[in-house]
Amino acid sequence: MRSRGKTDASESSDVQIHSDLVETLFGTAGSFFAGLLGGLIAPGLAWLLLGDPIYLYFVALIVVLGAFRLYVFFAHARTPVTLRRRESRKWERLYAIGAVGFMTAVGASVAVLFYSHSTDFLGIYSIVIMMSGLSGLAGRNAGRPWIVLAQSLGLALPLAIAALMHEERRYLGLALIVLLLIISIHSTTKFLHGNLESALRNGLDASRQRQKFSQALNSMTHGLCMGDADLTVTVLNRRVFDFFGIVAATSPIKLEALAHAIGKSAGLSAEEIDIFIERWKRHIAMPHANIFTHKLGERFFEFHCERAEAGSFITVIEDVTLQKRALREIERMAHFDDLTNLPNRYQFQETLEDEMLQLGQQGFQSVLFNVDLDRFKEVNDTLGHSIGDQLLSAVGARLAACVPQPHVVARLGGDEFCVLLRAGEKLPDVDELAVKILSEMQRTFVVENHVINIGASIGMALAPKDSETSGGLLKCSDLALYRSKAQGRGKAIWYSQEMQEALTRKRAIDTELRHAFLANELVVYYQPVVDSRTATIVTLEALLRWRHPTKGMIRPGEFIPIAEETGMIIELGAWVLRQACNDAKSWPSNIRVAVNISPRQFQQKELAEVVAETVRQSGLEPDRLELEITETTLMESDDVDSKLREIEALGVRLSLDDFGTGYSSLGYLNRFPVKKVKIDRAFARQAIESPKTQAIVSAISALAHDLSIDLVAEGVETDAQLAFMASKNIFLIQGYLYTRPRPIEELRPLLAHWRDAPRLVSAA
C-alpha cells in the first residue's frame, strides 16, 4: 500500500512538472514574435533583391506556418489554465508542429540562399539568421529538449548540408561548425532543462510543504499568532478568525491592530480594548513563557505567550469557555446545595468564619439560627425520597424568602438549615423573624398533589456573646435546637449557659456510666407484680440501678436517657436481660421475670436472636420471660410486626408498658400478640378523684377481659387505689403499696409466701 501510494504521488508530480514545462514554451511572447519576423527576413529580402519566385514560396510557407504558430499561441492563452494544464501533451504537440515546421522552413530557405549566394552579403545574411535562430532556442524552449533538438536540426542541418554540397571545399568547416553548434545547443538545452525541472520540482515540494503546513495550521483547534520583534504579525491561522469573527488580513498587520479588531468584534468598550491590547503586549514582552486569560464577549480565551528567536513572538490562543463554565459549575456544586441552590455546609462555614473575624473589628453582633424540620422523616418514609427532596427544595425557597439580604440561608444537610443574620448597625427583629420562619414551616406544602404538613424547631445563638468562634456558635445553636425539640418541637429557643452545663453533666454521666459498667457498679433491682387476691408474687420486673461509690444511688431518670441517646443502652439492656434470666432460673416456676426493652434495643435487627441466645444460655423456660415494650417504641421502630412475631415464636411473652399514654393503644392490642398490658401509673394517681379516669380504666378493663389479656395497674400506693382497681376487676398490682424495687436478696424470702402483704380483704 505504501509503495502504491508513493508511485501515485510520483506520477502526479511528473504530470504537474510536465504541465509546468509545457507552460514555459508559451511564456516568452517577445522572443516568439521576434522569431516569427526574423524567419521572414532572409527569404523576403532575397525575393525583393533577386525576384526569384522560390523565395516567394518560402515566404508564403513561413507565413502560413507562422500564422499556425500564432493561432496556437493565442488559443493557448485563451484556454483556462486548469484545462490547458490537463491537456498539456496536446499543447506540446501543437507547439512542436508549428515550431519545428517553422524552423525547418526557415532553415531550408537559408540553405538555398547560402548555396546560391555564398559569396555575397545574402550568404552572410543566411548564416546570421541561422545563428540568430539557434541562439534563442535553448533559452526559450529548454522545457522540452526534444523540441529544441528538432528545431535545431530543422534550422541548421539544411545549411550544413548545403555547405557540404558546395563546390568550394572551404565551406566544409562551416558544416562542421554547424554540426558542433547543434550538439552544443542540445547539451546546453539538457543542462537548462535539468535545472529548470529541478527548480520546478523543488518549488512543487516547497509548495506542497507550505500547503501541508497551511493545512496543519488551519486544522489546529487552537488559534496561532506569530510575529516579529517589532510586533508585526506575520502568521495567523484560520482559527483566529473563527474565534473572533474578524476578517482575514491580506497582508502582515500590527499586533495592536489585530488586538483592536478582536476587541471591537467582541463588543468591548474603547477602554476595555486598550486594557486588552496592553495586557497582550505586556505578556509578549515577558522573557519566559506565560499564560493570561481574558474574557472577550461571553467567552473566555487563554493566551499562551512565548518569545522566539531574534525577539519574535508566538501566541497560541485557546477557547476555554467550556472549561471555565465547568469549573464554575464544579465550584458551584462544591459550595451550593443541589436541591435548594442554597449555600452548603462548606460554603456556610467559610461565610460564618469570615463573619466571626469581622465581629471583633466592628463591635457588632450576629445571630445564628439552627433550623431543623419536624416530622420530615415521616414524609421520606411514607412518600419516598423523591417527594422528600422536592419538599426540601420548597422549604429552602420559603426560608430564603423569609430572610432579607445580605443575610444568609444555607442547607447543612438532611433537613437541617441555618440562617446567619450578619453583623450590621441594626439587626432585624430576631424573635419576630423566628416566629415568621416557624409560621412558614407550619404552612401546608403541596408536592405532586401530596398535602404535607410538617413544622420546624429553631435553636438561636448570639455572637460574640455566646461564642467567638464559628464552631462554638454552631454548637450553641445546636444545643438550643436540642432543647427546642425536647420541649415539644415547633419552638424557637435561645441558647443559654445552662444548656452547656447540662451537656457537660451529660458527658460526665456518660463517661462515669461506662466506667461503672466495667467496674460492676450497676445492679439489677426487682419490683413485684402481685396478685392482690392471694398476695402472691406472679412477676418480678427487672430494673437497672446504679450504685455510685461516692454519690450513692443515681436515679434511672438521670442515666437511662443518656444511655439511650449514646447507644450504650443496647449493651446495658443485653446485660440486664442476661442477669434477669440467670436470677429467674432459681425462682419458683410460677414466677415470671419482666425485662424492659428500650426503643434503641428494639431497633436492633438481631433482637430476637439476642433474646433466644440469652434464654438458651440461662436455661430459663421461654414462657417465664416477659419483654415489656412501650407504645413509643412501637411507633418509632421499623419492621415491628416481624420482630414481634419472631419473639412470640420463641415462646417469650410480650407486655405493653405505659398503656394509655400513646395515640394508638387500642390498635396495638388488636394488631400485636400482646399477653399483658400495664396501665400507666398516672391512672392510679387520678383514679380516686377523676370520674373521667375512672371511666377510662373501666373501658380498658372490659377490653382486656374481652381480649383475654392480663391487666396490671402500675403505681398503686394506697389501699384506696387498690380497692378501686379491684372494683374494676384489676387484680394484678405493682407499686409502692407492696414494695419499692429491691435487690433479689431482699425479695427472695417473699417469693414462696408473702404473709404480711396487703390483701383485698383488709383493703376493703
Side-chain angles (χ1 to χ4, degrees), residues 337 340 342-343 345 347-349 351-376 391-392 394-445 452-503:
D337 174 58
T340 62
L342 296 174
R345 179 182 295 273
Q347 173 70 6
F348 184 74
Q349 286 180 335
T351 302
L352 184 58
E353 287 174 4
D354 291 342
E355 183 76 7
M356 300 301 285
L357 288 174
Q358 296 175 19
L359 285 180
Q361 302 170 2
Q362 298 172 338
F364 296 145
Q365 292 181 324
S366 295
V367 177
L368 178 62
F369 285 10
N370 196 331
V371 183
D372 194 79
L373 302 183
D374 298 333
R375 299 183 299 279
F376 177 74
L391 176 60
L392 289 174
V395 167
R398 282 195 190 177
L399 274 177
C402 289
V403 180
Q405 294 288 344
H407 309 299
V408 179
V409 179
R411 178 181 175 231
L412 301 194
D415 60 343
E416 184 181 1
F417 294 80
C418 272
V419 176
L420 175 63
L421 302 181
R422 309 193 74 162
E425 295 182 1
K426 183 179 180 181
L427 286 173
D429 189 313
V430 178
D431 292 317
E432 183 179 327
L433 178 60
V435 171
K436 181 180 180 181
I437 291 174
L438 291 176
S439 176
E440 283 296 307
M441 294 301 103
Q442 290 170 355
R443 195 160 56 85
T444 297
F445 291 88
I452 301 174
N453 291 289
I454 51 173
S457 301
I458 300 177
M460 301 181 292
L462 181 65
K465 173 179 173 291
D466 295 330
S467 178
E468 296 181 355
T469 67
S470 60
L473 194 66
L474 280 167
K475 290 179 181 178
C476 291
S477 65
D478 197 50
L479 285 173
L481 174 64
Y482 182 82
R483 178 64 60 87
S484 173
K485 286 185 170 294
Q487 292 185 0
R489 302 179 177 179
K491 295 182 174 65
I493 294 182
W494 284 98
Y495 167 80
S496 66
Q497 184 60 32
E498 178 269 331
M499 296 177 187
Q500 181 60 48
E501 294 170 355
L503 177 63

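Values in this document were obtained by computation on a predicted structure and should not be read as measured data.
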Open item on the list: Quick check against the 3.5 Å criterion: does Lys475 have a side-chain atom that pairs as donor or acceptor with the backbone of Gly471?
Closed with: no

Task: Atom CD of Gln497: over 12 foreign heavy atoms under 6.0 Å - done: yes

TODO: May I ask you to test the Asp372-Lys485 pair for a side-chain heavy-atom distance under 4.5 Å?
DONE: yes

Task: Neighbour count >12 (heavy atoms, 6.0 Å) for atom CD, Gln487 - done: yes

Open item on the list: Please check this pair: side chain of Asp478 against backbone of Leu474, looking for a donor-acceptor N/O pair closer than 3.5 Å.
Closed with: no

TODO: Given side-chain hydrogen bond (donor to acceptor under 3.5 Å, both in side chains), test Asp354 with Thr351 step by step and report yes or no.
DONE: CA-CA 5 Å; Asp354 291 342; Thr351 302; 5.8 Å; no

- [ ] Flag the pair Ile452 / Phe376 as yes when at least one side-chain heavy-atom distance between them is below 4.5 Å, and no otherwise.
- [x] no

Task: Non-neighbouring partners of Ser366 that pass side-chain hydrogen bond (donor to acceptor under 3.5 Å, both in side chains), sequence neighbours left out - done: Glu355

Open item on the list: Looking at every heavy atom in both Leu392 and Phe417, which two are closest together, and how far apart are they?
Closed with: O-CZ, 4.0 Å

Task: Side-chain heavy-atom pair Tyr495, Gln500 within 4.5 angstrom cut-off - done: yes

Task: Contact check, side chains of Ile458 and Ser484, non-hydrogen atoms, under 4.5 Å - done: no

TODO: Could you tell me which residues satisfy side chain to side chain contact (heavy atoms under 4.5 Å, CB included) with Arg345, sequence neighbours excluded, listed by chain and number?
DONE: Gln349, Leu412, Glu416

- [ ] Please report the shortest heavy-atom distance between Ile493 and Ala480, naming the atom on each side.
- [x] O-CB, 3.3 Å

Open item on the list: Distance check, rounded to the nearest 0.5 Å: Thr340 atom OG1 versus Leu399 atom CG?
Closed with: 9.5 Å

TODO: Can you see which heavy atom on Met460 is nearest to which on Ala434, and at what distance?
DONE: SD-CB, 3.9 Å

TODO: Please name all residues satisfying side-chain hydrogen bond (donor to acceptor under 3.5 Å, both in side chains) with Ser457, sequence neighbours left out, ordered by chain then number.
DONE: Asp374

- [ ] Check Phe348 against Leu368 and note the closest heavy-atom contact, atom names and distance.
- [x] CZ-CD1, 3.5 Å

Task: Partner of Val395 by side chain to side chain contact (heavy atoms under 4.5 Å, CB included), out of Arg411, Met441, Glu440 - done: Met441

Open item on the list: Under a 3.5 Å distance rule, please check whether Arg483 uses its side chain to pair with a backbone N or O of Ala486 as donor and acceptor.
Closed with: no

- [ ] Check whether any side-chain heavy atom of Leu420 lies under 4.5 Å from a side-chain heavy atom of Val409, and answer yes or no.
- [x] no

Open item on the list: Under 6.0 Å from the ring centre and within 45 degrees of the ring axis: does the NZ or CZ of Arg398 meet both conditions for the six-membered ring of Phe445?
Closed with: yes

- [ ] Could you pull out the closest heavy-atom pair between Ser467 and Ala463, with the gap in Å?
- [x] O-CB, 3.7 Å

Task: No-hydrogen, no-angle side-chain donor-acceptor test under 3.5 Å, Asp466 and Trp494 - done: no

- [ ] Would you check if Leu473 and Met356 make a side-chain contact, meaning some heavy-atom pair closer than 4.5 Å?
- [x] yes

TODO: Considering non-hydrogen atoms only, spot the tightest contact between Leu438 and Gly490 and give its length.
DONE: CD1-O, 3.8 Å

